[in-house]
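Bear in mind that the values here come from a model prediction, so they are computed numbers and not experimental data.
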Amino acid sequence: MDSRPYYTFGVTLLITLISVCGIAMPYPILAPLFLDLQHPISQFAGIPEKLLLGAVLAIYPIGILIGSNYLGAWSDRLGRKRVLTWTMLGATLSYGLTAIAIQQGSFLLFTASRLLTGLFEGNLSIARAIAADLHPKIDRTRAFSYLSAMGYAGYLIGPVVGGFLLPLGASLAFWVAAAACAAATGLILLALPKDAQTRPQRQGSSLSLLKHPQYRDFFVCYLMLMLALNGFYEFYPVWLVEFRDFNSEQIAWATVLLTSAMIATAVMATMKVKRWLGLVNAGLAGILVYAIAIASFPYGGGDYLASFIAAGIGIALFNAMMPSYLSEHAQDSQGQGQLMGLLTTVFCLGNVIIAIVGAALALVDTRLVLMASALLAVFASLLFWRLARSASLEAERAHTNA
């Protein structure tokens, strides 16, 4: 057990913030790079720039999908600090490779470097595993809430920094991201405690957990929820443009409002809601609040502000409760890295699926994507209630038989 849990957790929070800022920094850069600036990197084999941009946007989450499936499980076997150090160093080098690709105007090198970056940045599952390891000295729900808050802050800060850096040179933001990951690597080496000498031997990737029925049920439930979440994340800016005539600055402020609601809830409210309702009911409440919020504004004529705040509250609640539930109900033979890797893998899988399905729905009406996301969230809540009820009944039977 870690002798300084709060110190370790503080370092983990800082590493998460730095890493997510690096992840989010390129977001406001890629579209102008390929569509507005006529950069040499946007020219390849006569393929339209929009298709090239789509390939670049898709290759990164595919990298995370692959990386998160293995990195968390590897950290169970090889040690959290060791795997986190090497992957953060890999992210540093891959960001540098991306900057070089931009300077050389090489689309193929740029695409390969984005895939590598995604592979290494699947290591965020290790931060969640560290947080889970600190339980009971630090309540896992509180830990996941603060980790989520750092992630939200990173997604807020990163794009702002990237947007300001773009006029100074397209490659500069990626060099800054490389420097941030290098700083995180140094912090890991200097501040995180050494790995335990003996660690439990875990077999397989995160997806290998699906051979167990309880994890298969959770996988389906969480996939429905992540489809609902990513459907909102990816298409609410499109709705704001089409139906509210928002410009990029107004979309940015809407995102700030949403993210601020997430951060405030994660830091100040999740533990209170958990104590009031219990873990499962708090998770269900978060999912349903989110579903109602995103269903209310596509066809509603009122102010969107309350809906965005409610959506942020719901997201923060279920993002804290769902990992806590999985961690608490894990079998003794499963490592926390493998479990947390499953969450990141499912998130990325949901991202890829909804990008394809949502694009097809958006051709008819963007509001259909948001309504489908609301329905998926309701379906996920029903699956989660059924899963939790089944686990509770099994626990009661085991107690009675004992």
[X] [atom1] to [Y] [atom2] distance, which is reported to the nearest 0.5 Å:
| X | Y | atom1 | atom2 | value |
| --- | --- | --- | --- | --- |
| M88 | E121 | CE | CD | 8.0 Å |
| L229 | I287 | CG | CD1 | 10.5 Å |
| R142 | L134 | CZ | CG | 13.5 Å |
| S148 | F318 | OG | CZ | 10.0 Å |
| M271 | Y146 | CE | OH | 9.5 Å |
| R114 | L109 | CZ | CG | 12.5 Å |

Is the number of heavy atoms from other residues, nucleotides or ligands under 6.0 Å of Y233 OH greater than 12?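 Atom OH in Y233 is crowded, with more than 12 foreign heavy atoms closer than 6.0 Å.
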Taking atom CZ as the centre, does R389 end up with more than 12 heavy-atom neighbours from other residues, nucleotides or ligands that are less than 6.0 angstrom away?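 Check fails, neighbour count at 12 or below.
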Please confirm whether the backbone N or O of [Y] pairs with a side-chain atom of [X], one donor and one acceptor, at under 3.5 Å?
| X | Y | value |
| --- | --- | --- |
| K81 | L192 | yes |
| T12 | T8 | yes |
| R128 | G337 | no |
| N69 | L207 | yes |
| T117 | S113 | yes |
| T87 | V83 | yes |

Residue pair L317, V289: steps toward the side chain to side chain contact (heavy atoms under 4.5 Å, CB included) verdict: CA-CA 9 Å; L317 285 175; V289 167; 5.7 Å; no
Minimum side-chain heavy-atom gap [X]-[Y] below 4.5 Å:
| X | Y | answer |
| --- | --- | --- |
| F379 | L383 | yes |
| L339 | Y215 | yes |
| W175 | Q103 | yes |
| T85 | L189 | yes |
| L375 | V378 | no |
| L361 | V364 | no |
| V280 | L284 | yes |
| S75 | L84 | no |

On a heavy-atom basis, which atom in [X] and which in [Y] lie closest, and how many Å separate them?
| X | Y | value |
| --- | --- | --- |
| G231 | L370 | O-CD2, 4.2 Å |
| Y152 | A316 | OH-CA, 3.7 Å |
| G154 | L17 | N-CD1, 3.7 Å |
| T16 | G151 | CG2-N, 4.4 Å |
| Y325 | L387 | OH-O, 3.7 Å |
| I138 | P5 | CD1-O, 3.6 Å |

Using the ring-ring contact (aromatic ring centres under 6.0 Å, His included) rule, take Y236 and F308 through it: C-alpha gap first, then chi angles, then the decisive distance, then the call. CA-CA 10 Å; Y236 80 77; F308 264 56; 5.3 Å; yes
Hey, are [Y] and [X] close enough side-chain-wise for a donor-acceptor pair under 3.5 Å?
| X | Y | value |
| --- | --- | --- |
| S145 | T270 | yes |
| S208 | Q338 | yes |
| S296 | S307 | yes |

Full working for side chain to side chain contact (heavy atoms under 4.5 Å, CB included) between I64 and L119: CA-CA 5 Å; I64 296 182; L119 286 170; over 6 Å; no
Could you name each residue pair satisfying ring pair (Phe, Tyr, Trp, His ring centres under 6.0 Å) that touches residues 77-107, not counting sequence neighbours?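 Listed once each, the pairs are F44-F107.
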S324: which residues meet the side chain to side chain contact (heavy atoms under 4.5 Å, CB included) condition with it, sequence neighbours left out?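 By the side chain to side chain contact (heavy atoms under 4.5 Å, CB included) rule, S324 matches R140, T141, F144, L279.
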Please assess F9 against L147 for the test side chain to side chain contact (heavy atoms under 4.5 Å, CB included), listing each intermediate value before the final yes or no. CA-CA 9 Å; F9 185 55; L147 280 176; 4.2 Å; yes
Is there a side chain to side chain contact (heavy atoms under 4.5 Å, CB included) between L93 and L97? Walk through the geometry before answering. CA-CA 6 Å; L93 297 176; L97 190 63; over 6 Å; no
Aromatic ring pairing F218/Y222, orientation class (parallel under 30°, perpendicular over 60°, tilted between):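 Correct class here is parallel.
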